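The structure appears below as structure tokens.
Everything numeric in this text was worked out from a predicted model, so none of it was measured. In what follows, every heavy atom counts, from backbone to side chain, and hydrogens, waters and symmetry copies are set aside. In what follows, chains carry the letters A, B, and so on, assigned in the order in which the sequence lines appear, proteins first and then strands, with residues in each chain numbered from 1.
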Protein chains: 4
Amino acid sequence: MPEKEDIFEMLFENQENMTEKQKKILEAAVEIFSEKGYSGTSTSEIAKKAGVAEGTIFRHYKTKKDLLLSIIAPTMAKFMAPLFIRDFNKVLLSEHQSLEDFLRAVIINRMEYAKKHLPSIKILIQEIPFHAELRGQFKEHVMNKVYERLKVIVDAYQKKGEMIQLPPPSAIRLIASSILGFVIGRYLMFPEADWDDELEVERTIQFILHGLSVKQEEC
Amino acid sequence: MPEKEDIFEMLFENQENMTEKQKKILEAAVEIFSEKGYSGTSTSEIAKKAGVAEGTIFRHYKTKKDLLLSIIAPTMAKFMAPLFIRDFNKVLLSEHQSLEDFLRAVIINRMEYAKKHLPSIKILIQEIPFHAELRGQFKEHVMNKVYERLKVIVDAYQKKGEMIQLPPPSAIRLIASSILGFVIGRYLMFPEADWDDELEVERTIQFILHGLSVKQEEC
Amino acid sequence: MPEKEDIFEMLFENQENMTEKQKKILEAAVEIFSEKGYSGTSTSEIAKKAGVAEGTIFRHYKTKKDLLLSIIAPTMAKFMAPLFIRDFNKVLLSEHQSLEDFLRAVIINRMEYAKKHLPSIKILIQEIPFHAELRGQFKEHVMNKVYERLKVIVDAYQKKGEMIQLPPPSAIRLIASSILGFVIGRYLMFPEADWDDELEVERTIQFILHGLSVKQEEC
Amino acid sequence: MPEKEDIFEMLFENQENMTEKQKKILEAAVEIFSEKGYSGTSTSEIAKKAGVAEGTIFRHYKTKKDLLLSIIAPTMAKFMAPLFIRDFNKVLLSEHQSLEDFLRAVIINRMEYAKKHLPSIKILIQEIPFHAELRGQFKEHVMNKVYERLKVIVDAYQKKGEMIQLPPPSAIRLIASSILGFVIGRYLMFPEADWDDELEVERTIQFILHGLSVKQEEC
DNA sequence: TATGAATGAGATTTCATTCAT
DNA sequence: CATGAATGAAATCTCATTCAT
């Protein structure tokens, strides 16, 4: 999947012309925002942790909120990115790709993503409810597009007879709940518990598969 | 279930000797905290919405954080309450109570609860990550106790052969994800979408039942 | 002229419910704004001179600009006030009131006013060019109304044959220039020179009278 | 009047070795200072409008105040310039030059000057009250010298019997008020009103002439 | 009990100025 | 000469909390 790298690179191409200091600011902001929340974090705290003068923050980000957005926007973009890889459907929906393999791929992919970008994701989740513009952007640019893509996939598996004939929104909700429930529990709520990741992934997959299995009717 | 009323009353018994003003303060705080978050809310804003003087808040709550706790504590208590109703197990686990009926009862109950206490729950969810004491309390007093109770229930249904032999933590996680996923989608994320509540509840129940069904192995 | 007092009182009636501190803030602000200009004055400077905490300023005036407006608005009002005294025209334009007496009355009145409210007037003059809203208000509420009143007066004196038949705007401009030129020179530009006020007033009056005299044509 | 050109050239001789950027800076500074005042203008604003980097301003002007002075000093010089043209008195006070013609010449000259250098003049007027050094310089180098020159002229016209025997300061004040009152009204206060310039100039001249006429006593 | 003026610590933001490139 | 990132001091403004009434 070389395309994936391209897209991620594109999302970050601005990071290229960032100063060292600016990168430090961004890093510090991500860390502290995710720990204390946006409103609970002061710019002086960020400046101190980043090792820059407070004024430097405002040379790069007009306001504190700008700084928040410059963290959240790429996080949203990266969240969508994998869905827009060229040949995405072609590969995933090939006859040889079972729903089970698809789920496994998705869960593992999202787990890695979550592990890597934990703080940014925490910020995204925590702050979206408090910022109307973000909420709007999120629904419009992320939710809707993600939904469209997933609908196609659900349709395909339903046609292939691997998934019960539920309306796509309901099917997606149930699948997403199960996956996110796992990821959130694993990384956000109880990261320090000792998880057998592989086993839990399998359990989650089997739960979804059986929950949506066509065979359930036959039994 | 007259006991339920008793417990709720107990949780609120202090509300009895609350002055009108104090009640107004609490109401206003709940509303604004849930909209803007604790750190994003100023006490003067609360005072204005409550129609009291700024100083009055501090007559009743030593600090702003006190006010937050006075909202979150009862919310946590109420969250646990139904599990501690006398005869809880007796009733729920009677031979005549199938897993399906149990799930239906729980979902409907939690839905009503969520609808009624939406703002308080939002505050609970949003603020817990930022306040170590709360996190500690929540895990100790709520999570653990809830888990204990649920474990008993899971054990029972597994013994009755209505649920696959998953370790209880995993089973509980999967059930909870599905239910909370529904409730959060329904009330927090897309409250204004038009939901067919009854139908979605049934879909969620069937999803969980099949996902955890013993029969799955036979198929 | 008891009405005059009433109007002034009205303009200040809010000063009644001002705290001591608020009055101090206003006084300090007037003084420093007039010395250093609005932009050149810091709120901390004002607070220090007023003997209050800086926060106190913002309890009474939402912004620094608010504080400026709370100085300028009444200054504009007071500037207009004398023109709106009941019976103003009746008295001034009575047959027994010559243009000369009218001019003398106006100059002396405005001199006293200028002497008394020097700093506020300086602020008004200095800041109006920099604040579009003020400029708008000033033209709409002050200039236009003042002009209307003065036009009536000019018309009357022209009808009485005491003033040449110039278009009122031009006549008013010439009279105003002469009077303001005197007042500005006297109080703003060279307050420390030794002026023989009475003599200069007379010279100014005679200058205007002859400048606008009907008899000039006869000579 | 070739001398006039010489003097102006002298005043600007530094502009010759100005870089393009420096000229842009000066232009931008004049424009913004006159709109928002010195204190209300930031150097970064000037840099942006001038299309240069922030640092560039400080290559050419050690401080922001330096930049202000580099605008105000030549403006003051130019204000005085016409008075120091060689043969100034000779020409103006020739027997063939009546007071009326003199006034007409002065008014028209100052009008053209005002029209051309409006922003610089605004800055001069606005900033002088706030900068003690400027005030000192202005009185010493400009006011006094201008006064001396004008006194000579007034004396001459009084001797010629074209002007009433007022003390020169008073005469100059009255003349200056009338002229400046017109110019300020015309260009600073109501530039967008439709003025019949020629007519208003004549009215102003006649007003002054009659106001200071010797014949007034005869009437 | 309730008020709301007052506080001062601290938050966000601005800005003139410096300096390495 | 020119740049623009960086600075840090200071400016504006916010806010939880106190206290006299």
Side-chain angles (χ1 to χ4, degrees), chain A residues 17-22 24-25 39-47 50-67, chain B residues 18-22 24-25 39-48 50-67, chain C residues 17-22 24-25 39-47 50-67, chain D residues 18-22 24-25 39-48 50-67:
Chain A
N17 18 350
M18 263 182 171
T19 353
E20 272 315 301
K21 303 250 169 187
Q22 190 171 0
K24 291 273 187 161
I25 289 167
S39 291
T41 300
S42 76
T43 49
S44 81
E45 227 174 331
I46 296 170
V52 303
E54 208 166 348
T56 307
I57 293 176
F58 291 91
R59 166 157 291 277
H60 294 291
Y61 305 94
K62 270 216 305 280
T63 63
K64 188 187 167 193
K65 186 138 193 185
D66 247 42
L67 176 54
Chain B
M18 265 182 173
T19 71
E20 270 314 301
K21 303 245 168 195
Q22 191 170 0
K24 290 270 187 173
I25 290 168
S39 291
T41 300
S42 74
T43 49
S44 80
E45 223 174 335
I46 297 170
K48 203 185 293 168
V52 304
E54 295 195 46
T56 308
I57 292 176
F58 293 89
R59 295 243 127 234
H60 295 289
Y61 306 93
K62 263 215 318 271
T63 65
K64 187 187 168 193
K65 188 137 195 186
D66 251 39
L67 177 55
Chain C
N17 17 350
M18 265 183 170
T19 354
E20 272 315 301
K21 303 248 169 189
Q22 191 171 1
K24 291 272 189 157
I25 290 168
S39 291
T41 301
S42 76
T43 50
S44 81
E45 226 174 332
I46 296 170
V52 304
E54 206 166 349
T56 307
I57 292 176
F58 292 92
R59 166 157 290 277
H60 294 291
Y61 305 93
K62 273 217 301 280
T63 64
K64 188 188 167 193
K65 187 137 193 187
D66 246 42
L67 177 54
Chain D
M18 265 181 171
T19 72
E20 270 314 301
K21 302 247 168 194
Q22 190 170 1
K24 289 272 190 172
I25 289 168
S39 293
T41 300
S42 74
T43 49
S44 80
E45 222 174 337
I46 296 170
K48 203 184 295 167
V52 303
E54 296 196 46
T56 308
I57 292 175
F58 294 90
R59 295 240 127 239
H60 297 288
Y61 306 94
K62 264 214 320 270
T63 64
K64 187 188 170 192
K65 188 137 194 186
D66 252 38
L67 177 54

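- In DNA chain E, runs of at least 3 stacked Watson-Crick or G-U pairs (N1-N3 plus N6-O4 or O6-N4, or N1-O2 plus O6-N3, all under 3.5 Å) give these stems: E:2-21 with F:2-21.
- Counting non-hydrogen atoms of neighbouring residues, nucleotides and ligands closer than 6.0 angstrom, the NZ atom of D:K48 reaches no more than 12 such neighbours.
- Atom NE2 of residue A:H60 and atom CD1 of residue A:I25 lie 5.0 Å apart, to the nearest 0.5 angstrom.
- Nucleotides of DNA chain F that come within less than 4.0 Å of any heavy atom of chain D span, from the 5' end to the 3' end, F:dC1 to F:dG4.
- The heavy-atom pair separating A:I57 from A:T43 by the smallest distance is CD1-O, 3.4 Å.
- Summarising the geometry, atom CD belonging to C:E54 is positioned 9.0 Å from atom CD1 belonging to C:I46; distances are rounded to the nearest 0.5 Å.
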Completion exercise
Under a 4.0 Å heavy-atom criterion, the protein footprint on nucleotides 7-16 of chain E, written with B, S and -, is BB--SBBBSB
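- Nearest approach of B:G40 to B:E45, heavy atoms of both residues: O-OE1, 4.2 Å.
- Once rounded to the nearest 0.5 Å, the distance linking OG1 of D:T19 with CZ of D:R59 reads 11.5 Å.
- In terms of modelled atom types and a separation under 3.5 Å, the side chain of C:K21 and the main chain of C:A53 share no donor-acceptor contact.
- Shortest non-hydrogen contact noted between C:D66 and C:Y61 is CB-CB, 4.1 Å.
- A distance of 6.0 Å separates OG1 in D:T41 from NZ in D:K64, rounded to the nearest 0.5 Å.
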